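Have a look at the structure below, then the notes.
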Amino acid sequence: MKTVIVIGGGYAGLSFIRKFSGFDTGARVYLIDQNPYQYLQPEVYKFIANEYLISDIIIDLPTVAEGLGKSVYFFKDKVTGVDFDKNSIYGERFKLEYDFLVIATGSRTFFPPIEGLREYAAGVKTLDRSLDFKQKFEKKIFQKIKEEDQCYITRENQFNIVVGGAGLAGVEIAAEMAAYSRKFFEKIGFLCNGLNITIIEAADRILPGMDAFVYETASKRLKNLGVNIITGKKIVKVDKENVYLEDGSFVKQDFFIWTGGIVASSLLPKLGIKLNRKNQAVVDSFFRPEGLENVFVIGDSAEVKDSRTGDILPPMAQIAIQTGEITAEHIKNTIENKPLVEKSPYMRGMVSALGGKYGVGMVGDKIKFKGYPAYIFKEAVFKHYKLPLKIVSKRGYRQLLNQS
């Protein structure tokens with residue numbers, strides 16, 4: 001019986017397991033993650049805006065493994081090393097041998113060497129950080145209401161939120177917080193202006209590299225929500241009260257959020273494989289590091305290219321899902337002594353939430369939409385991924401209850 005080990009239960013890892021478990025290979029699969037859940041980061045903004053519960057942004061991994069079949073097992077542990085020569089992986093509490101290894105450890109927030117950045121920045125890249133973010137954010141709002149003794153205040157003493165980085169993550173969180181704060185303050189009858197939100201991007205525009213339709217729609221939406229946009233200026237320092245820019249100006253901050261890029265997980269630099277500047281594994285057209293025929297690196301952990309254009313694909317959920325599904329076919333073919341069939345992930349489109357029930361999206365290069373239809377489309381996309389796993393999880397939960 002062949003053994004497949006998957007490190008990481010995110011979009012790539014779970015998509016691999018779900019696809020592979022449907023094949024009749026006779027192999028057993030071990031999923032290893034230091035957390036017993038998948039964190040659905042693209043949906044965290046609704047959690048912060050109190051539209052979702054925490055149960056809406058996580059998938060339980062033990063019950064998913066149980067629900068996928070008796071040949072799928074989940075281990076909660078942290079992988080500390082891999083011996084490629086001995087086909088072994090090591091954790092803090094275990095050692096396992098594999099026939100095939102799938103590394104899907106995802107990514108983490110990149111913090112460049114900016115003074116004060118790590119100390120004063122909040123983020124949402126992990127569930128712990130998003131919970132901390134939400135609590136601090138709500139505490140700050142409550143403190144503002146509690147301490148405000150007059151309703152007609154100047155912008156200088158408003159509650160100032162600064163978002164560093166205007167990629168998709170930065171734009172989504174700025175828009176969602178602006179929409180939420182407007183709704184919040186209107187609902188409680190608080191006459192002050194609420195929050196002052198500023199988004200800062202070093203490039204010449206927000207959403208650098210994105211289609212003009214997406215950029216223009218997002219810019220207009222942010223401005224309509226009252227978000228201040230600063231572009232073409234780098235952040236050089238952050239302290240308790242201000243965010244300082246390279247031209248000597250500064251922006252007052254009570255709460256600072258950093259979304260300026262990602263790097264791959266800290267495990268990859270320990271493995272001795274070739275990496276790019278983001279610590280992502282450099283892989284071949286079958287997602288294998290050089291010289292390793294039975295090891296696959298997928299999702300945000302890998303430098304994934306579109307074979308049609310040669311372009312490096314962005315670290316997005318849809319790309320991670322595709323790499324997981326394609327790799328499942330590669331390992332199935334290898335077990336069955338069939339040749340590998342080269343397949344390339346590609347950008348099927350994009351959709352971005354822009355606060356409340358408003359969004360912007362594209363399918364291919366020609367179909368473009370915005371507003372409520374884009375919001376509905378994004379909801380449908382994530383439900384297409386999430387609902388089947390929730391069904392599997394509930395099945396696994398019932399099976400575990402029957403065993404007890």
Side-chain angles (χ1 to χ4, degrees), residues 45 48-49 112 114 116-117 120-124 133-134 136-138 140-141 143-145 148 151-186 190-210 212-261 352-356 358-360 370-371:
Y45 311 113
I48 291 169
I114 297 173
L117 184 61
Y120 295 105
V124 295
F133 175 104
K134 179 178 170 66
K136 287 181 178 178
F137 174 53
E138 292 182 338
K140 286 280 190 180
I141 289 179
Q143 181 180 343
K144 178 67 183 175
I145 294 172
E148 192 58 60
C151 286
Y152 301 102
I153 56 177
T154 65
R155 293 186 72 82
E156 284 70 26
N157 55 23
Q158 282 184 312
F159 178 38
N160 298 285
I161 295 177
V162 179
V163 179
L168 280 174
V171 167
E172 285 192 340
I173 201 164
E176 200 68 63
M177 294 177 74
Y180 167 66
S181 66
R182 177 183 292 181
K183 180 179 177 182
F184 174 85
F185 286 110
E186 286 177 355
F190 192 67
L191 295 180
C192 299
N193 292 330
L195 308 184
N196 182 33
I197 301 176
T198 302
I199 188 166
I200 302 172
E201 170 58 48
D204 292 335
R205 67 171 214 186
I206 66 169
L207 300 175
M210 297 294 292
F213 171 78
V214 175
Y215 154 70
E216 291 167 2
T217 301
S219 295
K220 185 176 180 180
R221 174 64 173 171
L222 289 176
K223 290 174 183 177
N224 287 341
L225 289 170
V227 176
N228 308 307
I229 301 173
I230 298 175
T231 57
K233 297 180 182 180
K234 293 181 180 178
I235 295 172
V236 296
K237 178 183 175 182
V238 183
D239 64 22
K240 187 176 181 181
E241 295 182 349
N242 301 300
V243 176
Y244 299 88
L245 306 180
E246 60 182 341
D247 63 353
S249 63
F250 64 90
V251 180
K252 183 175 176 58
Q253 69 96 359
D254 298 288
F255 203 83
F256 178 63
I257 305 146
W258 177 251
T259 65
S352 176
L354 293 176
Y358 194 98
V360 60
K370 60 183 178 180

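Computed from a prediction, not measured in an experiment: that's the story for all the values here. Sequence positions, counted from 1, serve as the residue numbers for this chain.
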By side-chain contact (heavy atoms from CB on, under 4.5 Å) - contacts of [X] (at least two apart):
| X | answer |
| --- | --- |
| K234 | A202, E246 |
| Y358 | T217, R221, L354, K370 |
| D247 | K233, L245, S249 |
| K237 | E115, Y244 |

Residue pairs involving residues 196-208 (criterion salt bridge (Lys or Arg N to Asp or Glu O under 4.0 Å); sequence neighbours excluded):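 Pairs touching residues 196-208 that pass the test: none.
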Validation: residues 161-175 side-chain donor-acceptor distances under 3.5 Å, sequence neighbours left out:
{"unit_1": "E172", "atom_1": "OE2", "unit_2": "S352", "atom_2": "OG", "d": "3.1"}
{"unit_1": "E172", "atom_1": "OE2", "unit_2": "A353", "atom_2": "N", "d": "2.9"}
{"unit_1": "E172", "atom_1": "OE2", "unit_2": "K378", "atom_2": "NZ", "d": "2.8"}

Can you name the salt bridge (Lys or Arg N to Asp or Glu O under 4.0 Å) partners of K134, sequence neighbours left out?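 For K134 the salt bridge (Lys or Arg N to Asp or Glu O under 4.0 Å) partners, ignoring immediate neighbours, are E138.
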Residues in ring-ring contact (aromatic ring centres under 6.0 Å, His included) with Y215, at least two apart?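 So Y215 forms no ring-ring contact (aromatic ring centres under 6.0 Å, His included) with any residue.
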Quick one: list whatever passes ring-ring contact (aromatic ring centres under 6.0 Å, His included) with Y120, sequence neighbours left out.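 With sequence neighbours excluded, Y120 shows a ring-ring contact (aromatic ring centres under 6.0 Å, His included) to no residue whatsoever.
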Can you find a heavy atom in the side chain of W258 that is under 4.5 Å from one in the side chain of I235?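 Yes, their side chains come closer than 4.5 Å.
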Just wondering, do V238 and Q253 contact through their side chains at under 4.5 Å, heavy atoms?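 They are in side-chain contact.
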Does atom CZ (F213) have a neighbourhood of more than 12 heavy atoms from anything else shown, all under 6.0 Å?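 Yes - once you tally the heavy atoms of other residues, nucleotides and ligands closer than 6.0 Å, there are more than 12.
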Return the set of residues passing side-chain hydrogen bond (donor to acceptor under 3.5 Å, both in side chains) with T198 (not counting sequence neighbours), or none when no residue passes.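 In terms of side-chain hydrogen bond (donor to acceptor under 3.5 Å, both in side chains), with neighbours along the sequence ignored, T198 is linked to N228.
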How long is the gap from CD1 on I199 to CD1 on I257, to the nearest 0.5 Å?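 The CD1 atom of I257 is 9.0 Å from CD1 of I199, to the nearest 0.5 Å.
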